[in-house]
Amino acid sequence: MSYELLTPDNLAEYLKSQPHLHGAVDPDRLAVREVGDGNLNLVFICESPGMPGLCIKQALPYVRMVGPEWPLSPERACAEARSYEVASEAVPELVPRFYGFDPDRYALAIENLSSWTVLRSLLNRGVPAPGAEIGAGTYAARMVFATSFMGLPSEKLRRQVCTSANTDLCGITEQLVLTEPFADHPRNSFPVALKPDVEQLHGDAGYTGYVQSLKHQFLTRSEALVHGDLHTGSVMVRPADSGSGGGPAAEMDEGGPTARTAGAAPAKGEHPWTAKVFDPEFCFYGPAGVDVGMFVGNLALAAGRAAVGDPAPELVRWLVDAMTTTWTSFEAELRRLWPTRVDASFGDDFLEDWLLQTSYDVCGYAGCEIVRRIVGLAKVSDLETLEEESRVAAQAALLSAARKATPRRLLGGRASVAPATVVSTLAGIVGSELGDVG
Ligand code: SR1
Ligand code: MG
């Protein structure tokens, strides 16, 4: 499998060969920036004066964060294109515009969102983003509905499951998220001072046994086409009133607003930030709770940072509340769509049971995401950029909260609770664990 890698020097030539992109960029008047700071791919922002511009993302044939010694099939770009195609129909307002996929170069062309801000960067600067969590929950719900038994006739669903394999990247998630962090592994790393907490985690058979059931679900339950890596670095945000180009959001990227310049958190009920979910290259047919779970876990990680920083209390409170709001947005959107399901033999009682089960799964996957970002190979800047003493305090509190994210430990596995109570119980545990380190 050999294909030419894109560089700032050969992009103009490449774009000349892609006439369907010439409404967005003019290859003869091109400015190119390589912005890929992720773990896997090359990403270029291509702009021409007076035009919307484009983002070109090319899959590398290896894991970028490790190097060519960890080869990785670029076929994942085909999976990403599939997800964007579905999302462009199911939830167009919450994803970037998708201009198309070049299977010869494993390159995707998507909307230029360079005037938007990565949610993780905003949160790291201490700025809450009310509305972003609603966007993430709504995105996850619309994708679940459109790609599961709810929105697809069963024959079509069976075919979709067969054609949506994303073998290499599911292998990464299986190892890095659901296996390695829960035992000693050479790819794990953490501060020496955290060793007692990690040993406790690894010795906690009630918890690691539950994680095995989540891994089993991950391997066997092909329920919906999920994003598969819905963390706060996979969501772009901008102020809701900033229009389609430029405006206040254009000032946000480089050293954008801080908690001070952004002002206080908005009043309850206001949603001044709008979101777009990107980077669905880890998408696969899996359990419906995976995406909300990962996102909720990342809000908890951001709360860990906020708890040891400044301005701690308001931001922690918003992040903890946002964990529940992500779920309630997901649930509300599915309830709204439920009357339009394709197979009405699934009754309303089934939905109730399904939502409750999924809310427990959400908490479970949130816990795994928290643990893997602290113990496993792929870390997050939220915690990694803290000085060691605060980092260890936040990490220990978060590991302790994650270990409580099993059905039995949250609410005794009770069947007679509202699904939102399940998630708000986990949020409350994160808040109270972090309350002690602030
Ligand atoms: C080797 S890839 C490491 C991580 O980066 C991606 O964003 C996923 O989160 C993956 O687990
Ligand atoms: Mg990514």
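As the structure lists them, so they are numbered: ligands from 1, and atoms in each ligand from 1. Just so it is clear, the structure is predicted and the values come from calculations on it, not from any experiment.
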Per-atom contacts of ligand 1 with Leu176, taking only distances under 4.0 Å to non-hydrogen atoms:
1 (C), 3 (C)
Pair Glu384 + Lys379, salt bridge at N-O below 4.0 Å
no
Would the distance check show the side chain of Arg305 and the main-chain N or O of Asp382 forming a donor-acceptor pair, the cut-off being under 3.5 Å?
yes
So which protein heavy atom does atom 11 (O) of ligand 1 come closest to, and at what separation?
Arg372 NH1, 2.8 Å
Under 3.5 Å, is there a donor on one side chain and an acceptor on the other for Thr7 and Asp9?
no
Which protein non-hydrogen atom lies closest to atom 5 (O) of ligand 1, naming both residue and atom, and how far is it?
Asn39 ND2, 2.6 Å
Among protein heavy atoms, which sits nearest to atom 6 (C) of ligand 1, and what does the distance come to when rounded to 0.1 Å?
Asp229 OD2, 3.4 Å
At what distance is the nearest protein heavy atom to atom 1 (C) of ligand 1, and which residue and atom is it?
Val63 CG1, 3.5 Å
Side chain to side chain donor-acceptor pair (under 3.5 Å) with Asn41: which of Glu80, Arg76, Gln58?
Arg76
Mark up the atoms of ligand 1 that fall under 4.0 Å of a heavy atom belonging to Arg373, in ascending order.
9 (O)
Gln200 and Asp204: side chain donor to acceptor below 3.5 Å
no
Can you confirm if the aromatic rings of Phe218 and Phe284 lie within a centre distance of less than 6.0 Å?
yes
Does Arg221 make a cation-pi contact with Trp354, if we ask for NZ or CZ under 6.0 Å from the ring centre and within 45° of the axis?
no
Measure from the Mg ion (ligand 2) to each N, O or S atom of Asp279 and report whether any distance is below 2.8 Å.
yes
Can Thr173 be said to touch ligand 1, with heavy atoms closer than 4.0 Å?
no
Any donor-acceptor N or O pair under 3.5 Å, side chains Asn166, Tyr285
no
Given side chains that start at C-beta, do those of Pro61 and Tyr106 come closer than 4.5 Å, heavy atoms only?
no
Of all the atoms in ligand 1, which lie at a distance below 4.0 Å from a heavy atom belonging to Ala378?
3 (C), 4 (C)
Which residue and heavy atom of the protein sit nearest atom 10 (C) of ligand 1, plus the separation
Phe282 CZ, 3.7 Å
Below a 4.0 angstrom heavy-atom separation, can you tell me which part of Arg64, side chain or backbone, both or neither, approaches ligand 1?
neither
Atom 2 (S) of ligand 1 - nearest protein heavy atom and its distance
Leu40 CD2, 3.8 Å
In terms of atom number and element, which parts of ligand 1 are under 4.0 angstrom from non-hydrogen atoms of Met65?
1 (C), 3 (C)
